[in-house]
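We name chains A, B, ... by the order of the sequence lines, and we start the count at 1 in each one.
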Amino acid sequence: MAPSKNSTPEPLRPLLVTSALPYANADIHLGHLLEAVQTDIFVRFQKLLGRAVTYVCADDTHGTPIQLAAIRRGITPEALIAQAYENHTRDYAAFNIGFDIFYTTNSPENRFYAETIYEGLKRNGLIVTREIEQFFCETDRRFLPDRFIVGVCPRCGAADQYGDVCEVCKSTYEPTELKQARCITCGKTPVTRKSTHAFVTLNKCEAFLRQYLTGDVLQEDMRNFIDTWIKDGLHQWCITRDAPYFGFAVPDMPGKYFYVWLDAPIGYLSSSARWCKDQGKNIADYWDENASAEIVHFIGKDIVYFHTLFWPVMLHNAGFKLPSRIFVHGFLNMSGEKMSKTRGTFILARDFAERVAHPQAAEYLRFFFAAKLGATSADMELDPHEFVNRVNAVLANIIGNLHHRTAIFIERSFNGAVPDAAWDASLAATAQEYGKKIEQLYKNVEYKSVVELVQALGTMGNKYFQDKKPWESVKTNPDEAAAVMVTCINIVKACAVFLKPITPNLAAALERQVGFTFAWNDFAFSLRNCKLGPTEKLATPIDIAAFAGIMGPPPADTKALEPPLAPEIDISEFGKTDLRVATIVAAERVKKSDKLLKLQVDLGAEKRQVVAGIGKFYEPEKLIGKQVVIVANLKPAKLMGETSQGMVLAAKDGDKLVLLSSEVLVANGSKIS
RNA sequence: GGCAGCGUAGCUCAGUUGGUUAGAGCAAUGGAAUCAUAAUCCAUGUGUCCGGGGUUCAAAUCCCUGCGCUGCUACCA
């Protein structure tokens with residue numbers, strides 16, 4: 001019989017910690033990093049305590065978006081995710097995220113566990129199959145999930161709404177209810193087709209979920225949240241997708257694949273398995289339902305549903321261990337604005353690491369996150385001014401300067417060796433007391449309170465230094481100056497140990513000076529008689545100007561424009577181009593072309609026909625009345641048999657085209673100069 | 001639309017089961033000090049605790065309502 005959870009004392013129970021798996025079709029941004037930093041601090045703290053901790057993460061590599069991204073770039077999904085893997089591991093490494101393994105869901109282990117869990121669900125009678133009707137695009141030869149069709153809202157008639165919810169009237173509906181539906185990739189009208197899918201009857205698991213979630217798995221606020229979902233009644237969960245799909249085939253359903261959200265969380269399990277294999281450990285000691293291990297997940301509030309409802313049901317029905325704790329964090333906002341891909345206001349981890357002009361920028365971001373993180377799902381604000389203020393105040397001024405003024409003093413007045421004297425008993429007791437509190441705070445992921453206490457301790461050190469005036473006593477009463485130095489260097493060390501999970505590099509600089517590596521309990525002992533190595537500054541101030549590289553448009557010299565700038569011209573050459581404002585009065589698709597639209601434009605004095613290659617991005621009927629800019633003196637040309645007397649200007653944003661127009665309506669035929 | 005959460009000093013946030021003059025950090029102003037990274041230390045807050053109504057001896061805290069913001073709303077990662 002395997003030991004139960006309670007029979008193994010906590011320090012001996014292995015601990016498995018995860019961050020959510022980043023999706024492999026995009027780069028790591030500051031939001032991902034917030035979670036990774038939160039997790040990494042937890043892991044580093046537990047390791048510092050001496051506990052056996054494994055930090056597991058992986059790329060989430062399956063699903064339609066990956067497949068489509070690969071098609072668009074003309075590469076295989078495997079090549080796409082390989083590239084993502086490289087980028088992701090590089091970006092995390094730049095912020096000292098210490099994974100024990102960063103694997104992939106596109107692995108043999110993951111296929112094995114996906115099939116195992118599917119079998120488990122089936123064995124317990126939780127899988128049913130049912131025929132459903134879905135849109136199918138005959139051009140792209142695929143079924144269209146709700147986000148891959150757009151059309152007119154069946155409730156309010158708003159145009160360009162996705163297949164699940166109307167952004168205008170907020171009503172939800174079935175994709176097949178959408179009017180004038182069209183495929184988001186090719187713009188063609190889809191047909192409806194029937195297909196058989198597998199569903200997990202989550203509704204049968206209500207009692208189990210209620211029981212599981214009443215423990216202390218979740219923060220209070222999250223528990224209420226989920227209660228309402230359960231109260232509203234759990235639905236069946238569709239776990240299959242039709243071919244073509246990048247993922248794992250369902251063993252007993254030809255042409256069907258596991259939905260990416262089935263195999264994504266299984267990545268926690270399969271990556272652990274791979275780590276165990278590499279380390280010569282036994283996976284059963286971690287994930288078997290009776291294993292002594294504790295499993296802790298860190299996730300964002302956007303994926304709570306999957307982790308608290310689907311995931312426990314999957315694990316429970318296949319004989320695996322349930323997570324003992326799920327920490328849910330909020331989102332990161334930038335200077336008051338939401339970080340969002342669509343608004344383009346999100347900052348990539350790589351850009352932060354490369355463009356914030358300070359050698360400790362990455363470490364400072366870790367600190368900043370920690371200084372604002374508690375165990376709630378509240379959103380966090382990242383404002384560069386606040387970042388600069390907090391980092392400079394605590395790391396550079398209070399702790400960095402206390403270290404420097406102490407170390408330099410010891411160097412000059414005590415030959416670089418910490419004097420042989422006792423340290424102040426009251427401050428020693430305070431350090432001890434803070435150590436106990438901070439230990440508990442780290443365990444509860446209340447990092448901002450950790451930072452508050454460290455700051456308070458650092459301030460006490462500075463005050464002590466200030467009050468004792470060792471620069472005077474060193475001349476009159478060297479023994480007293482010696483005691484001050486011992487005390488201050490010990491306080492610096494305590495701060496460094498306390499901060500080590502948050503700012504490992506800062507701690508490492510002091511470790512080099514004292515000549516050994518800190519474990520958690522090292523915050524308490526005295527450095528008396530310790531011979532100090534050369535003094536390195538622990539933290540240098542950062543200036544707001546360091547953020548210039550990421551806050552505005554990127555500076556021209558950091559990155560070449562893409563595509564490269566054309567050769568220089570003088571104004572007379574530009575003058576040869578006659579640009580005019582025109583209003584589109586009629587628009588229709590050019591026959592047999594997906595890209596070309598035939599436009600009739602009003603130039604004021606005359607009307608013209610212009611053919612534009614924007615058919616993939618604009619619907620003809622939506623263009624009528626729109627004012628655009630055209631090249632009016634372009635030599636007429638024939639495109640697909642249609643005459644074009646000019647060219648419409650559009651900006652190429654990635655692979656998208658966006659029409660240019662004037663800020664306010666102006667007279668047709670207005671010249672642009 | 002439904003559900004959930006939030007709205008406290010210029011900024012970021014604490015405020016435990018309702019209980020004395022509502023707190024911290026940063027910023028700001030003044031001062032002290034000069035060992036040190038122009039760093040440090042001390043002093044200084046007249047804040048409609050989003051508005052309105054209610055319960056109570058007592059409300060930032062509980063109830064109702066209005067406004068604003070955010071999230072979720074499952075076959076979208």
Side-chain angles (χ1 to χ4, degrees), chain A residues 20-26 60-66 132 134 143 145-148 155 162-166 169-172 174-175 195 197-199 202 221-222 224-229 231-232 234-241 259-261 264 301-306 309-310 330-331 333 336 338 371-372 374 376-383 385-390 392-394 396-398 400-410 412-413 448-449 451-452 455-456 458-459 461-472 474 481 484-485 488 535 537-541:
Chain A
L21 313 189
Y23 200 55
N25 76 339
D60 176 15
T61 57
H62 291 155
T64 313
I66 298 246
I132 57 170
Q134 277 182 289
F143 283 95
D146 58 13
R147 289 280 158 154
F148 285 84
R155 309 270 186 274
Y162 285 118
D164 52 351
V165 58
C166 172
C169 71
K170 305 290 180 195
S171 59
T172 57
E174 291 302 307
S195 179
H197 282 281
F199 293 79
L202 208 60
D221 54 344
M222 279 296 138
N224 297 337
F225 203 62
I226 286 155
D227 273 351
T228 65
W229 284 334
K231 235 181 289 164
D232 289 351
L234 297 164
H235 295 53
Q236 295 188 348
W237 178 36
C238 182
I239 56 162
T240 50
R241 292 294 182 278
Y259 173 43
V260 58
W261 259 113
K301 62 184 181 183
D302 52 332
I303 53 177
V304 169
Y305 205 98
F306 296 96
L309 300 181
F310 301 154
F331 299 140
N333 299 327
K338 203 195 304 195
K372 304 195 75 174
T376 70
S377 54
D379 292 351
M380 184 189 291
E381 195 68 36
L382 170 50
D383 174 68
H385 288 96
E386 193 198 352
F387 183 101
V388 167
N389 285 341
R390 298 207 65 157
N392 287 350
V394 181
N397 300 348
I398 295 177
N401 184 47
L402 177 61
H403 163 257
H404 194 253
R405 71 200 296 204
T406 306
I408 294 291
F409 203 104
I410 291 173
R412 291 184 188 154
S413 302
K448 64 177 161 189
S449 303
V451 170
E452 267 173 36
Q455 177 174 359
T459 296
N462 275 311
K463 179 173 167 51
Y464 179 77
F465 200 118
Q466 196 86 1
D467 291 348
K468 291 286 181 180
K469 304 188 197 310
W471 57 92
E472 287 175 8
V474 72
V484 174
M485 288 307 116
C488 289
T535 300
K537 288 179 177 173
L538 299 187
T540 55

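Take A:F199 and apply the ring pair (Phe, Tyr, Trp, His ring centres under 6.0 Å) test, not counting sequence neighbours, and it matches no residue. For A:Q455, the side-chain hydrogen bond (donor to acceptor under 3.5 Å, both in side chains) test picks out no residue, with sequence neighbours left out. When the salt bridge (charged side-chain N to carboxylate O under 4.0 Å, His left out) test is applied to A:K468, no partner is found at least two apart in sequence or on another chain. A:K448 is linked by a side-chain hydrogen bond (donor to acceptor under 3.5 Å, both in side chains) to nothing, counting only residues two or more places apart in sequence or in another chain. For the salt bridge (charged side-chain N to carboxylate O under 4.0 Å, His left out) test, residues two or more places apart in sequence or in another chain that qualify with A:K463 are A:D467.
Taking atom NZ of residue A:K463 and atom C1' of nucleotide B:U40, one finds them 11 Å apart after rounding to whole Å. To the nearest angstrom, P of B:U34 lies 13 Å from CZ of A:F465. Nucleotide B:C76 holds its P atom 16 Å from the CD1 atom of A:I66, rounded to whole Å. Rounded to a whole Å, the CG atom of A:L309 is 11 Å from the P atom of B:U73. The separation between A:N462 atom CG and B:A39 atom C1' is 9 Å, rounded to whole Å.
Looking only at side-chain heavy atoms (C-beta outward), A:Y23 and A:H62 stay at 4.5 Å or farther from each other. The side-chain heavy atoms of A:L309 and A:W237, taken from C-beta on, include no pair separated by under 4.5 Å.
For A:N397 and B:U37, the shortest distance from a side-chain N or O to OP1 or OP2 is not below 4.0 Å. Phosphate proximity of B:A14 to A:K448: present, with a side-chain N or O under 4.0 Å from OP1 or OP2.
In this structure, B:A24 and B:U12 make a Watson-Crick or G-U wobble pair, each of the two defining distances being under 3.5 angstrom. Nucleotide B:G18 is matched to nothing when pairs are restricted to Watson-Crick or G-U wobble geometry with both distances under 3.5 angstrom. Using N1 to N3 plus N6-O4 or O6-N4 for Watson-Crick, or N1-O2 and O6-N3 for G-U wobble, each under 3.5 Å, B:A60 pairs with nothing. With both pairing distances under 3.5 Å, B:G51 is matched to B:U65 as a Watson-Crick or G-U wobble pair. Partner assigned to B:C72 is B:G2, using Watson-Crick or G-U wobble distances below 3.5 angstrom.
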Collect all protein-nucleotide pairs involving nucleotides 22-26 of chain B in which both atoms are nitrogen or oxygen and the distance is under 3.5 Å.
unit_1	atom_1	unit_2	atom_2	d
B:G25	O3'	A:Q455	NE2	3.1
B:C26	O2'	A:N389	ND2	3.0

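Looking at heavy-atom distances under 4.0 Å, A:G400 makes contact with a base.
Across the C1' atoms, B:A28 and B:C67 are found 32 Å apart, a figure rounded to whole Å.
Ring stacking is absent between A:F409 and B:C35, as the pair misses the limits of under 5.5 Å between centres and under 30 degrees between planes.
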